[in-house]
Structures are given as C-alpha cells and as structure tokens.
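Worksheet: one structure, shown below.
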Amino acid sequence: MLPASFQATRPGSIALLTFMVALNQMSMGLYLPSMPTMAGALGTTVGQVQLTLTVFIAGFAVSQLVWGPVTDRFGRRPALLVGLACFTVASIACAFAATVEQLIAYRFFQALGACAGQVVSRSIVRDTTEGAESAKVMSYIALAMSLSPAVTPSIGGQLHAFFGWRSNFVLLAVIGLTLAAITVARLPETTRRKVPDALHLVPMLRNYGSLLRDRRYVGYILMIGGMFGCLMAYQTGSPFVLMTELGWSPQAYGLLILFNVFGFLAGSLTAARIAPRYGIPRMVRLSSIVVLVSGLLLLAFPLAGHLSTAAVIAPMMLFLFGMGIGIPSAMAGTLQGFPYIAGSASALMGFSQMGVGVLTSLAVSRIDGDHHLVMGAVFAASGLMCFLSQALILRRVPAAR
C-alpha cells in the first residue's frame, strides 16, 4: 500500500517525475551552445566534441536494458538514489575535465546515472496510475522529454556567456543533488511486487522477448524511436549550422531554440483538445504525418541550395508540433498491458529511442559534407521511420481498448 502522502497526479509529484525524465534532455541540451567553443578550449576537433553527445546517448541507451530489470528486482527508490549519485559525481567530473577524452568518458557515466531517472519515473507512473490518470501524467513526462531540449539550450547559452562552458555541468550536478535530496524526503517505494529473478539472464531475455512479440508494442517503440532520431539529428547538427555556418552567437543560438517551444506547446494544446475525441490510433497517425512532412522540408531546403535561419528553425517547429500531438499517446500505448514488468517495458522503450538517437547522432557527426544537408537527410530518414512504423505496423493491429 502506498503512503497516503504520495499521489503521482499531484503537482509536486508530477514535477519530481518530470524532472527525473528531463535529466536526460538537460544533459544533452544544456551545453549545445558551448560545443563550437569547447573544441577550441580543449584543443580538439568538432567531431570529437560531437562524440561527447553521441557517447552520452549510447550510454543512456545501453544502461536502460539494465536499469529496467534492476528496478523490478530491488524497487524504484533504491535504483533512483544510486542513479542520481552516479549522475551528480559524473557531472562534477565533467566540469573539471582537462581533455576531450576525459570528458567523453565522464559523459558515459553521467548517462548511466541520468538513465535511472527516466526508467524509474515511467515505472512509478505505471505503478501508481491507470487509464486516464496514466495518460495525464504521461503527457507531462512527454512535455519534459520534448520541451527540455528546446528550453535548456537557452539557459546554457546564458550560462556560457557569463560563466563559461564548464558552468553547464556544475548546474547539472546541483540539479542531481537536489533531486536526490527530494527523493530521500518525499518519494516512497511504489512497486507492489518485486521480481526476484528479474536480473537473471534467462528471465530477463524472456521478458524482453515477450515485449518484442507484441506487435503493438513494437510499432509504438519504433515510432517513438523515429521521433527521437529526428531530435538527435537536429541537436547534433544545429549548433554548427546555426553558429558556425550562419554566424549566430551561443547566446543567440539559445534564444533561437525558444522558437521550438512554441511549436511543441501548440502541439500539446492541440492534443489536449482533440485527443479525447480522436483516441490513441488517430492521434499517432496524425503525428506521424506531421513528423514526416517536417523531415522532408528540412531536407528540401539544402537540396535547393537554400541556407537560412528560417530554413532550419521552421521545420523543427513543425516537427515539435507533431511530436506534441503524438508522443503522449504513443508512450501511453507502449506501456499498456505489462503491469508486472513495467520497468523492463519502460527500459526497452527507452533503449529503442536512444538507440535510434545514437545512430542519427553518429551519422550527423561522422558523415563529411554540408552540415545542413547531412542533418536534413538524417532527420528525414528518421521521420520516414516514424511514419512507416505507424502505417505498416500499428494500423494492422486491433485498436487498444
């Protein structure tokens, strides 16, 4: 039985859960305006600095497959506290890194810690809510996942201007320590039944196998992965397109990203008005179309030889509008039907989205050529994946009740 003081639908509880999810996006977005400067400060190349983002995504993706079973075996609260401790220590190490190689290594451990927050928060929602309440809380989690990459670069740009690039990692350490203190004081254990053999290899593989045999689950995680691939392609490429090629300062870059907030907020408000009437299948279908169109636009401009700020920002605003429409429904649909392996279901969903993100980030950072064109091509490919996952998989399974 949960303590009466804890309800996942209360504003304070929702804030804690969403901040835990946002650790991931804050860790990726906060230092984006500093990336071109970091290359000079650490005496390295642009590609090496981009690897600090790619390695973070890779560490986050792989560790989810472990954190999910860990939360099912030992409970949500212990796993979260260990993860936050790892995140805080690694963030401090990043702030004092002397070489890019050190920074890359510390970023991997930072990802391991941040990952616990995302896996645990989704599992807590599944533990404590059902039906409409679950969808409501998931919408706030989706807001954190999608809005923080738009907001945090603005904060990072200001920190860079006043205190330098290392201040971004100091702030992350403070946030990690604060969340750990709140967890100790306010968050109870929420799992109703621990799974003793969750970390044994055979049961772990059996749980993941049962998830992958569910056609609806696979369709949703691939669709979410496609959206996240778009996001990571943009985050990896846009600092160099907007600052190096178009000449914007780190502060200005952070402010330009605020335009993306409007796109996501418009999508979220639209979803709030029409989702009850349309339902999950129609919402994800509409979202996949908008995401595909945004990807084609981001590719069309460089193919036409047109490079401008509007040609970068406008397609991203449209993408975040589509993401705001569809991702709360997609996330809610993914976790339906798996009450006793919610941690594993959440982990595999996170692994898929981050796995696609690794591939898109690596492609943008490693393919030589016009940054604008490469970013647009990878973004469009991810948008196509999102659309095909919905069109070829989700439309061929019965609608969830």
Side-chain angles (χ1 to χ4, degrees), residues 61 122 134-135 138-139 141-143 145-147 149 211-234 263-264 266-300 315-338 345-346 348-360 363 376-401:
R122 288 172 176 167
S134 179
M138 280 294 187
S139 70
I141 289 179
L143 178 66
M145 188 177 70
S146 305
L147 195 57
L211 292 168
L212 293 174
R213 286 192 296 272
D214 188 293
R215 190 178 180 92
R216 181 181 295 111
Y217 181 87
V218 171
Y220 280 126
I221 65 172
L222 289 177
M223 182 179 176
I224 293 171
M227 290 186 187
F228 203 76
C230 293
L231 200 60
M232 289 300 97
Y234 183 83
F264 184 81
S268 298
L269 293 173
T270 301
R273 295 179 65 88
I274 69 175
R277 185 168 69 251
Y278 274 58
I280 287 178
R282 294 175 70 184
M283 291 299 293
V284 297
R285 190 176 310 144
L286 176 61
S287 172
S288 70
I289 294 171
V290 175
V291 168
L292 177 61
V293 170
S294 70
L296 294 177
L297 283 175
L298 194 62
L299 177 60
M316 191 59 184
M317 289 180 66
L318 180 62
F319 163 74
L320 284 172
F321 175 80
M323 197 173 190
I325 288 175
I327 204 165
S329 294
M331 290 172 64
T334 301
L335 296 180
Q336 290 176 352
F338 305 103
S346 173
L348 189 56
M349 174 176 66
F351 173 78
S352 68
Q353 71 182 48
M354 299 300 288
V356 176
V358 169
L359 296 177
T360 58
V378 176
F379 192 108
S382 296
L384 181 62
M385 172 184 169
C386 176
F387 176 79
L388 292 178
S389 299
Q390 179 277 139
L392 300 182
I393 300 178
L394 290 176
R395 293 192 70 176
R396 298 187 180 186
V397 295
R401 289 181 293 179

Fill in: For Ser352, all residues meeting side chain to side chain contact (heavy atoms under 4.5 Å, CB included), sequence neighbours excluded
Ile221
Worksheet item: How many angstroms lie between atom CZ of Phe228 and atom CE of Met354, to the nearest 0.5 angstrom?
Response: 4.0 Å
Item to complete: Quick one: list whatever passes side chain to side chain contact (heavy atoms under 4.5 Å, CB included) with Leu292, sequence neighbours left out.
Response: Leu296, Leu384, Phe387
Worksheet item: Which heavy atom in Ala61 sits nearest to a heavy atom in Gly355, and how many Å separate them?
Response: CB-N, 3.8 Å
Worksheet item: Looking only at heavy atoms, what is the nearest atom pair of Arg216 and Leu394, with distance?
Response: O-CD2, 3.6 Å
Worksheet item: Does the side chain to side chain contact (heavy atoms under 4.5 Å, CB included) test come out yes or no for Leu297 and Met316, once each step is laid out?
Response: CA-CA 9 Å; Leu297 283 175; Met316 191 59 184; over 6 Å; no
Discussion item. Taking side chain to side chain contact (heavy atoms under 4.5 Å, CB included) as the definition, give me every residue that meets it alongside Leu269, ordered by chain and number, with sequence neighbours left out.
Written reply: none
Discussion item. Testing the basics here: between Gly226 and Ser382, what is the closest heavy-atom pair and its distance to 0.1 Å?
Written reply: O-CB, 3.4 Å
Worksheet item: Under 4.5 Å between any side-chain heavy atoms of Leu318 and Leu298, yes or no?
Response: no
Practice prompt. Quick one: list whatever passes side chain to side chain contact (heavy atoms under 4.5 Å, CB included) with Met385, sequence neighbours left out.
Written response: Leu222, Val356, Ser389
Item to complete: Kindly indicate whether the side chain of Met232, heavy atoms from C-beta on, has any atom under 4.5 Å from the side chain of Val358.
Response: no
Fill in: From Ile325 atom CD1 to Leu286 atom CG, the distance as rounded to the nearest 0.5 Å
4.5 Å
Worksheet item: Are Phe319 and Phe379 near enough that their ring centres are under 6.0 Å apart?
Response: yes
Worksheet item: Considering only heavy atoms from C-beta outward, does the side chain of Ile280 approach that of Tyr220 to under 4.5 Å?
Response: yes
Discussion item. Restricting to non-hydrogen atoms, name the atom on Cys386 and the atom on Met223 that form the minimum distance, rounded to 0.1 Å.
Written reply: SG-CG, 3.6 Å
Practice prompt. Name all pairs fulfilling the side-chain hydrogen bond (donor to acceptor under 3.5 Å, both in side chains) condition that reach into residues 269-286, sequence neighbours left out, sorted by first residue then second.
Written response: Arg285-Gln390
Worksheet item: Any donor and acceptor pair, going by atom type alone, linking the side chain of Tyr217 with main-chain N or O of Met349 inside 3.5 Å?
Response: yes
Fill in: Heavy-atom closest pair, residues Ala271 and Gly324
CB-O, 3.8 Å
Worksheet item: For Gly357 and Thr360, which heavy atoms make the closest approach, and how far apart are they?
Response: O-OG1, 3.1 Å
